[in-house]
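The next block holds one structure in the form of structure tokens; read it before the comments.
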Amino acid sequence: MDPIVQTRSGAVRGVADGVVSSFKGIPFAGPLTGPARFQAPTEPESWDGTRDAVRFSASPPQGSLFPGMPSAWRPDEGDDFLSVNVWTPDSGGNGLPVMVWIYGGAYLVGTARQPEYDGANLARAGVVVVTFNYRVGLEGFGWLPGAPANRAFLDQLAALRWVQENIAGFGGDPDNVTIFGESAGGTSVAALTASDAGRGLFRRAIGQSIAHGFLSENRVRRTTERIAAALGVPATLDGFAQVPSEAVHAVQMAPGEITPFGPVVDGDLLAGLPWHNLRAEVDLVAGFNHDEFTLFVAGQDLSGADPAATADAVGLPAGAVAEYRAAHPGITDADLHVLILSDRTFRLPSLWSAQNHPGRSWCYELTWRSPAFGGILRSCHALDVPLTFGNYTGPLAEMLLGNPAPPEAETLSKEIRKAWISFATTGDPGWPEYDKDHRITRIWDVPVSVTSDPIAASRRIWEAAA
């Protein structure tokens, strides 16, 4: 018999597979119709009877991040996309740990219905898994007069409040919630862990590839003005209300940028860079991939890479390049270019989050290399996503791992899933806490290991430049 759970908005009917029950497309907020498109999320609408929760909702409005990859959104899907999905091993039980996933996508794309985010493998190990949609692009992160900043984070907070109010009905413990996410999602994890607005909504956090790129209000205002000019409308709520989402998403990108958006340091929800303001009561795992930036330069001709120019562009002093070369004898200009950008964009923000956390924290580095595309991606950005969920089908997983995925991927995935589930359950991922005396770091490879201060040279270069 398919399970039925009563939520605050009404009853939902899921699907049972004998071990795990899944519930999909449950609204955690109201539809973003008309003026609501750029406003804070509202309470979900209630319904009578039992609602089928067997299909994912629409995705948030978005374009495509990589050429050739189709958009996850169709304009005819509607505006009722702020929804959660739940996988539970025991919807009739109680007190199970809860893991809430926040997807990445450079603040431009993302959907909880992406096949790599299916929570069944994790749920089979005894946790309740929740995924949800939040707004991306200008709707989620753009500045508009009369609209709240960081609307994407307001969506995330609304989803976490839904978890607090409803997850017990799915067998979960609202007092034992772990949020986890990667890239923009990992950065969201750090931001929510630093924000007072997240207080009381979760107990633990896992930030995978926490990113640099927190923006001032002036910076995001200029981006909005650029997009408005491209559309030929005023940079106002009324101006953008006239334009369909697909037109907005078609002109958001600027040449040379991975993304024009990011979390806004608004002095309200975000008081500053999260690695300076993390709340001590939230246990934190933070980590990074060894070759983060190879994903973004794959296929580019880097024969003319100039590490001195790269260092200057990210704010490092002239002597930093010599220090990098001394620490990495024989490194090519192309690889040094990639290393500097990996450090600045993901590796150091993730390390700083573990290092500066005033409470309990752990650090990891993924060094296992993907064999896809002849190995050129190495241990690239987002490689940890299919390993986290143990899902190897889907466009991202197949691009990063190949099809079929190598047996080592499943070996490593089991280790990562075991650690994340242990952390969510007990607060211990299975290796020593991070501290400035020992800097013990889990190395995700086959086999797994621990080491001390694996990116010491990069850490010292950036600390000296601070």
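As the structure is a prediction and not an experimental result, all values here were calculated from the model.
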| Which one of Y107, F261, F214, F38 satisfies the ring pair (Phe, Tyr, Trp, His ring centres under 6.0 Å) criterion with F141? | Y107

| said: Can you tell me how the ring of W275 sits relative to the ring of H212, calling it parallel under 30°, perpendicular over 60° and tilted otherwise? | reply: tilted

| Check against side-chain hydrogen bond (donor to acceptor under 3.5 Å, both in side chains), H249 and Q252 | CA-CA 5 Å; H249 286 265; Q252 291 181 129; 3.1 Å; yes

| field | Polar side-chain atom of T224 near backbone of V220 as donor-acceptor pair, under 3.5 Å | value | yes

| query | Would D435 and R360 pass as an ion pair if we require N to O under 4.0 Å? | reply | no

| query | So, Q62 side chain and G110 main chain: donor-acceptor pair closer than 3.5 Å or not? | reply | yes

| query | Y392 and E410: side-chain hydrogen bond (donor to acceptor under 3.5 Å, both in side chains), yes or no, with the steps? | reply | CA-CA 9 Å; Y392 312 119; E410 176 61 12; 2.3 Å; yes

| said: Keeping T187 on the side-chain end and A211 on the backbone end, is there a donor-acceptor pair under 3.5 Å? | reply: yes

| With a 4.5 Å heavy-atom cut-off, do L201 and R161 have their side chains touching? | yes

| Does the ring centre of W87 sit less than 6.0 Å away from the ring centre of Y117? | no

| said: Regarding E139 and R151, does a basic nitrogen lie under 4.0 Å from an acidic carboxylate oxygen? | reply: no

| So, the side chain of R442 versus the backbone of V448: is there a donor-acceptor pair under 3.5 Å, distance only? | no

| request: Going by the side-chain contact (heavy atoms from CB on, under 4.5 Å) test, name the single residue among T131, V136, V109, V385 that passes it with Y103. | output: V136

| field | Exam field: side chain R113 to backbone A72, donor-acceptor pair closer than 3.5 Å | value | yes

| message | Quick one: does any side-chain atom of N289 pair with a main-chain N or O of D291 as donor and acceptor, under 3.5 Å? | response | no

| task | Check for a donor-acceptor pair, side chain of N85 on one end and backbone N or O of N133 on the other, with a separation under 3.5 Å. | result | no

| Are the side chain of S379 and the backbone of L366 linked by a donor-acceptor contact shorter than 3.5 Å? | yes

| Under-4.0 Å salt bridge between R203 and D283 | no

| field | Sub-6.0 Å ring centroid separation between F423 and W362 | value | yes

| Criterion ring pair (Phe, Tyr, Trp, His ring centres under 6.0 Å) against H381, the qualifying member of F346, F288, F293 | F346

| query | Salt-bridged, R221 to E225, with N to O below 4.0 Å? | reply | no

| request: Take Q355 and R439, measure what side-chain hydrogen bond (donor to acceptor under 3.5 Å, both in side chains) needs, and give me the verdict at the end. | output: CA-CA 8 Å; Q355 177 177 289; R439 304 184 186 274; 2.7 Å; yes

| query | Would E415 and K418 pass as an ion pair if we require N to O under 4.0 Å? | reply | yes

| request: Look at the rings of F389 and W101 and say which category their plane angle falls in: under 30° parallel, 30 to 60° tilted, over 60° perpendicular. | output: perpendicular

| Short side-chain to backbone donor-acceptor contact, S370 and A372, under 3.5 Å | yes

| message | Given 3.5 Å as the limit, does a donor-acceptor pair link the side chain of S452 with the main chain of H438, or not? | response | yes

| field | Carboxylate-amine/guanidinium contact R460 E323, below 4.0 Å | value | no

